[in-house]
Amino acid sequence: MSYKLMIVDDSKLARMSAAKALNALHPDWSRLEASNADEALSLAKQTAFDVALLDFNMPGRDGLELAAELLALRPSMPLAVVSANHQTEVVQRAREIGAVFLTKPLNEQALDAFLQDAIRRLKQAEA
Amino acid sequence: MTGAPSDLLSELQLDALTELVNIGVSRAAASLREMVGSQVHLSVPNVSLETRSRAIGILAEREVSNLVAVHQVFEGDVAGRALLIFPEAKSLELVRAITGGDLPLEDIIELEQEALAETGNILLNSCLATIANMLQRSLRMSLPEVLRGNAATFFNLTPPPEGGDVVMFLFINFAVRERDISGYIAMIMDLPSLAALKQLLDEFIERATGETAHSIDDRT
């Protein structure tokens with residue numbers, strides 16, 4: 001079963017790097033890209049997707065605020081917030097919102113673990 | 001030098017450099033949190049490449065008061081000077097934010113130099129170490145030194161190299177315990193260092209995306 005991943009990051013390079021990792025892990029998955037929270041929310045209202053990968057540090061609303069808004073739209077969606085800023089408060093807020101915290105720079109192993117768990121959750125929801 | 005300095009890096013090279021600096025600053029926020037014992041908000045809303053005179057102009061335009069800077073020299077494949085700059089009035093705010101308690105002014109003044117050097121050391125080292133590690137090069141860094149003066153003093157610490165140089169200029173917002181302190185990070189590099197940096201950024205882009213920087217530029 002292939003799914004659609006939304007990648008939100010203000011850095012084009014970071015989006016390309018996440019896309020490369022996704023292609024290596026799940027070449028059959030498709031993806032959507034946005035460079036800020038507003039763009040992501042407007043895309044989320046128009047297009048269906050299954051999993052989201054959000055940068056924390058973005059101009060305008062940060063990844064945690066975006067995560068909360070996306071989860072308000074789709075409460076059961078697997079979602080990760082990515083940042084090099086692993087302060088307790090940031091990691092804790094991600095958990096409270098219901099998002100997974102991943103460390104930046106994102107590596108393939110960490111993305112793999114998150115996506116495996118996401119697949120498990122999506123299959124459970126489908127069953 | 002031809003064209004604006006920002007043209008010296010392609011859009012993707014500047015994007016990559018901004019991303020590296022953001023990772024460095026985010027890591028610094030996590031380290032500073034350990035030191036301060038309270039959440040530290042650090043963000044870099046803007047990164048640009050400026051000439052030395054334009055960088056002095058920006059600072060002179062925005063900041064009328066005296067400035068204080070933490071200065072470190074870096075050497076390696078890419079060499080230059082890194083500066084964390086605050087308006088002098090904000091530097092005592094920074095110490096208050098970091099120490100947290102209600103220390104008397106004399107203690108704050110006494111601690112200022114040390115707190116500035118330590119904060120600067122964490123921030124500048126984190127940025128430079130992240131850039132170096134991700135570009136797979138090593139950089140040697142000098143000990144932090146606190147300087148006072150104005151933009152012209154900081155950016156003219158040595159005579160400008162004959163070939164000219166550029167300043168990577170970052171606005172940085174720092175907030176801790178409801179105190180907001182805006183400052184700047186400046187990295188001054190000569191043109192051979194910038195050429196080396198461009199090459200290393202292209203290699204990094206290739207590793208990160210699996211594509212050559214040129215093939216991406218051609219497509220966009």
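Residue numbers start from 1 in every chain, and the chains themselves are labelled A, B, ... in the order their sequence lines are given, proteins ahead of strands.
- Only the side chain of B/L12 comes within less than 4.5 Å of a heavy atom in chain A; its backbone stays farther off.
- Residue contact with chain A, scored on non-hydrogen atoms closer than 4.5 Å, is absent for B/T18.
- The number of heavy-atom neighbours closer than 6.0 Å to CD of A/E108, taken from other residues, nucleotides and ligands shown, is above 12.
- Within a 6.0 Å radius of CZ in A/R74, other residues, nucleotides and ligands contribute more than 12 heavy atoms.
- For the pair A/K20 (side chain) and B/R207 (backbone), a donor-acceptor distance under 3.5 Å is present.
- When heavy atoms are compared at a cutoff of 4.5 Å, B/V25 does not approach chain A at all.
- Only the side chain of A/D9 comes within contact range of chain B, with at least one heavy atom under 4.5 Å from a heavy atom of that chain.
- Listed for the B/S91 side chain is no donor-acceptor partner under 3.5 Å among the backbone atoms of B/P87.
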